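Just so it is clear, the structure is predicted and the values come from calculations on it, not from any experiment.
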There are 2 protein chains.
Amino acid sequence: MDLYQIRYFLTIAELGSFTKAADQLFISQPSLSVGIKKLEQELGISLFERRGRGVLLTPAGQVFQEKAQGIVAQYQAVRQDLEQFKEHPTLRVGTLHSIRGYNLAQLIGAFHAEYPNVTIELHNGYLQELQDWLDQGKVDVSMTWLQEQDDSNTSQLLFHQPLTLAVPESHTFARLRSVKLTDLDGQPYIARLNCEFWRSYPKLFESAGIEPQIVYSSTNEEWVISLIRAGMGMSIMPIWTDLECITYVPMLDLSLSRAIGLKWRSQQAFEAVAWFREFAMAHDWQV
Amino acid sequence: MDLYQIRYFLTIAELGSFTKAADQLFISQPSLSVGIKKLEQELGISLFERRGRGVLLTPAGQVFQEKAQGIVAQYQAVRQDLEQFKEHPTLRVGTLHSIRGYNLAQLIGAFHAEYPNVTIELHNGYLQELQDWLDQGKVDVSMTWLQEQDDSNTSQLLFHQPLTLAVPESHTFARLRSVKLTDLDGQPYIARLNCEFWRSYPKLFESAGIEPQIVYSSTNEEWVISLIRAGMGMSIMPIWTDLECITYVPMLDLSLSRAIGLKWRSQQAFEAVAWFREFAMAHDWQV
DNA sequence: CACCAGCTATAGACACTGTCTATCAAGGGT
DNA sequence: ACCCTTGATAGACAGTGTCTATAGCTGGTG
């Protein structure tokens with residue numbers, strides 16, 4: 001059962017005649033006879049009742065007609081969907097949880113203004129999730145933390161984001177120009193569990209001979225910020241611009257910084273990815 | 001875009017590999033490469049992202065996958081529907097309005113007992129409608145009034161049905177052995193508008209020099225019966241067995257009778273029609 | 001860094017089959 | 001009884017889907 005046979009069948013059924021259908025389909029009448037005969041043999045049931053003048057659908061033929069129309073409709077629908085996609089492609093962007101929505105919103109907004117036909121789907125996830133999604137094709141490009149081993153063929157740097165100490169603006173640290181690691185000893189500390197550096201913190205604290213007091217830990221950046229703002233503690237974190245009631249204090253003996261950039265798949269041919277990369281590179285990142 | 005290409009596409013998409021799909025489909029891997037390439041060219045968009053290790057669906061490919069599954073499902077559905085039809089064919093029987101359901105119910109019931117897999121659809125209609133439905137293939141066989149010109153290739157007689165006078169059992173006529181046409185003069189008469197003889201009645205009455213009083217006319221046989229039963233009048237009509245409160249009185253000088261039989265199309269190959277014809281012939285018709 | 005294993009793309013040959021022309025057989029209408 | 005129309009059949013041909021052989025590419029490995 002092939003598409004051409006269904007097209008033939010439907011035309012014959014509609015016109016009630018092999019000859020007329022042959023004219024309309026721009027093929028010869030014997031081609032129709034053979035095609036329908038094969039279809040009937042394959043289905044094991046007669047679809048047309050041959051009469052002296054034209055043909056008539058058998059009961060089975062009428063059953064077949066209804067469904068066949070649905071099949072042809074779906075063929076047309078899938079073509080239409082793909083045309084729709086070509087006109088309005090959907091770019092799926094993976095974004096790291098610890099990148100603030102605010103930064104991204106500016107980029108997405110500007111991109112959409114320049115490429116209004118591209119729909120952007122944001123998929124928020126953790127570092128490993130983003131990599132998996134990229135590998136599995138669930139996202140087309142990711143804005144994520146770049147590591148040294150990342151190839152320039154599959155990634156590009158956007159900006160460096162320093163990690164400094166965030167304290168409530170009411171805290172005594174907020175008036176200092178800088179602090180040292182040892183100053184953190186005994187201070188209430190809020191652990192950011194999703195931070196890529198989190199695993200290295202115990203060693204860091206140990207080597208400095210300090211022991212901050214972990215009062216809270218959270219996987220949610222926004223909650224961490226709320227906790228700091230409420231005066232519950234402090235945390236080493238990327239600088240998020242325009243956060244009220246929070247002050248960032250540089251750390252003299254610690255220069256943590258993470259590289260944020262785009263990652264994609266090497267063989268990726270989706271043109272919207274190229275547009276997005278180019279656009280993100282040209283974007284003025286205020287970090 | 002052909003069915004085989006869709007099948008290929010779906011298998012590759014599922015397994016994420018041309019080679020594995022080729023093994024599963026029992027074809028060679030180059031056949032898949034060529035087939036998918038043609039599909040992509042026809043659709044004008046890339047469906048797979050070729051990577052060193054297997055392939056991945058592009059965004060467009062994912063769009064296509066969803067719809068393609070629907071198409072394959074419909075192919076399977078139409079086959080299943082036809083298998084269903086072969087097992088449980090539907091025989092569409094046209095029946096004349098003026099044939100009482102009761103008579104037919106016996107036949108249908110007995111037929112269904114012998115052919116339990118055949119579903120019967122009854123289509124009630126007037127003489128001309130039945131002929132049209134038969135010609136248009138909307139019914140497969142009709143139980144209807146046979147006329148002289150009907151060919152034995154497309155019709156067969158079931159029984160003759162005499163038309164006699166039906167009167168309320170309380171009427172004085174009900175005690176008579178027979179009546180004559182002239183006895184109808186001035187009597188309240190109920191006209192059966194769907195009767196095939198209706199057009200000949202005025203001439204009939206005129207030639208007998210009588211003028212019955214047409215008190216009601218109806219296209220609905222059941223209503224006519226109800227009216228007679230209620231004592232509103234009498235009517236010449238086919239004998240319907242076991243009607244309570246109604247008496248049939250033979251008419252001495254009128255022998256109307258209609259031939260009831262089956263009609264079908266000459267090239268009709270639907271086997272259920274042959275079964276029904278055979279069964280109806282063997283049926284014991286109590287008229 | 002070169003090698004190997006695994007995967008897809010390409011090229012050319014072949015076989016299948018959908019289509020064509022020519023013709024036949026059957027029904028319907030005059 | 002004749003003719004016209006319609007669908008079925010036969011045989012030739014062309015288009016194409018599939019095959020084998022092979023090249024090109026990628027990713028992992030010693």
Within the supplied structure, the quantity of interest is the number of heavy atoms (other residues, nucleotides, ligands) at a distance under 6.0 Å from [X] [atom1]; does it exceed 12?
X	atom1	value
B/Q136	CD	yes
A/Q69	CD	yes
B/E121	CD	yes

**Fill in**
Test salt bridge (charged side-chain N to carboxylate O under 4.0 Å, His left out), reference A/D140, set A/R277, A/R92, A/K263, output is A/R92
Under 3.5 Å donor-acceptor pairs involving side-chain atoms of residues 14-28 of chain A, not counting sequence neighbours:
unit_1: A/S17; atom_1: OG; unit_2: A/T19; atom_2: N; d: 3.2
unit_1: A/S17; atom_1: OG; unit_2: A/K20; atom_2: N; d: 3.0
unit_1: A/S28; atom_1: OG; unit_2: A/S31; atom_2: OG; d: 2.9

Within the sub-3.5 Å range, which N or O atoms of nucleotides 13-17 of chain C have a protein N or O partner, and how far apart are they?
none

**DNA chain D-proximal residues of residues 6-24 of chain B, any heavy atom under 4.0 Å** = B/Y8
Can you give each donor-acceptor pair under 3.5 Å made by side-chain atoms of residues 40-49 of chain A, sequence neighbours left out, with the distance rounded to 0.1 Å?
unit_1: A/E40; atom_1: OE1; unit_2: A/R50; atom_2: NH1; d: 3.4
unit_1: A/E40; atom_1: OE1; unit_2: A/R50; atom_2: NH2; d: 3.2
unit_1: A/E40; atom_1: OE2; unit_2: A/L47; atom_2: N; d: 2.8
unit_1: A/E40; atom_1: OE2; unit_2: A/F48; atom_2: N; d: 3.2
unit_1: A/E40; atom_1: OE2; unit_2: A/R50; atom_2: NH1; d: 2.9
unit_1: A/E42; atom_1: OE1; unit_2: A/M1; atom_2: N; d: 2.4
unit_1: A/E42; atom_1: OE2; unit_2: A/M1; atom_2: N; d: 2.6
unit_1: A/E42; atom_1: OE2; unit_2: B/R79; atom_2: NH1; d: 3.1
unit_1: A/E42; atom_1: OE2; unit_2: B/R79; atom_2: NH2; d: 3.1
unit_1: A/S46; atom_1: OG; unit_2: A/F48; atom_2: O; d: 3.1
unit_1: A/E49; atom_1: OE1; unit_2: B/R265; atom_2: NE; d: 3.4
unit_1: A/E49; atom_1: OE1; unit_2: B/R265; atom_2: NH2; d: 3.0
unit_1: A/E49; atom_1: OE2; unit_2: B/R265; atom_2: NE; d: 2.5

Can you pull every protein N or O that's under 3.5 Å from an N or O on nucleotides 24-30 of chain C?
none

Close N/O contacts between protein and nucleotides 9-11 of chain D (under 3.5 Å):
unit_1: D/dT9; atom_1: OP2; unit_2: A/K37; atom_2: NZ; d: 3.1

**Message:** For a quick check of understanding: with a heavy-atom distance under 4.0 Å over all strands, which category does A/G54 fall into, base, sugar-phosphate or nothing?
**Reply:**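 Touches sugar-phosphate only.
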**Item:** Sidechain-backbone polar pair: A/Q65 side chain, A/Q62 backbone, donor-acceptor under 3.5 Å
**Value:**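 Pair absent, no side-chain N/O of A/Q65 close to backbone of A/Q62.
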**Item:** Given DNA chain D, 5'-ward residue of the pair A/V55 and B/Q5, judged by closest heavy atom
**Value:**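 Looking at the nearest nucleotide for each, A/V55 comes out on the 5' side.
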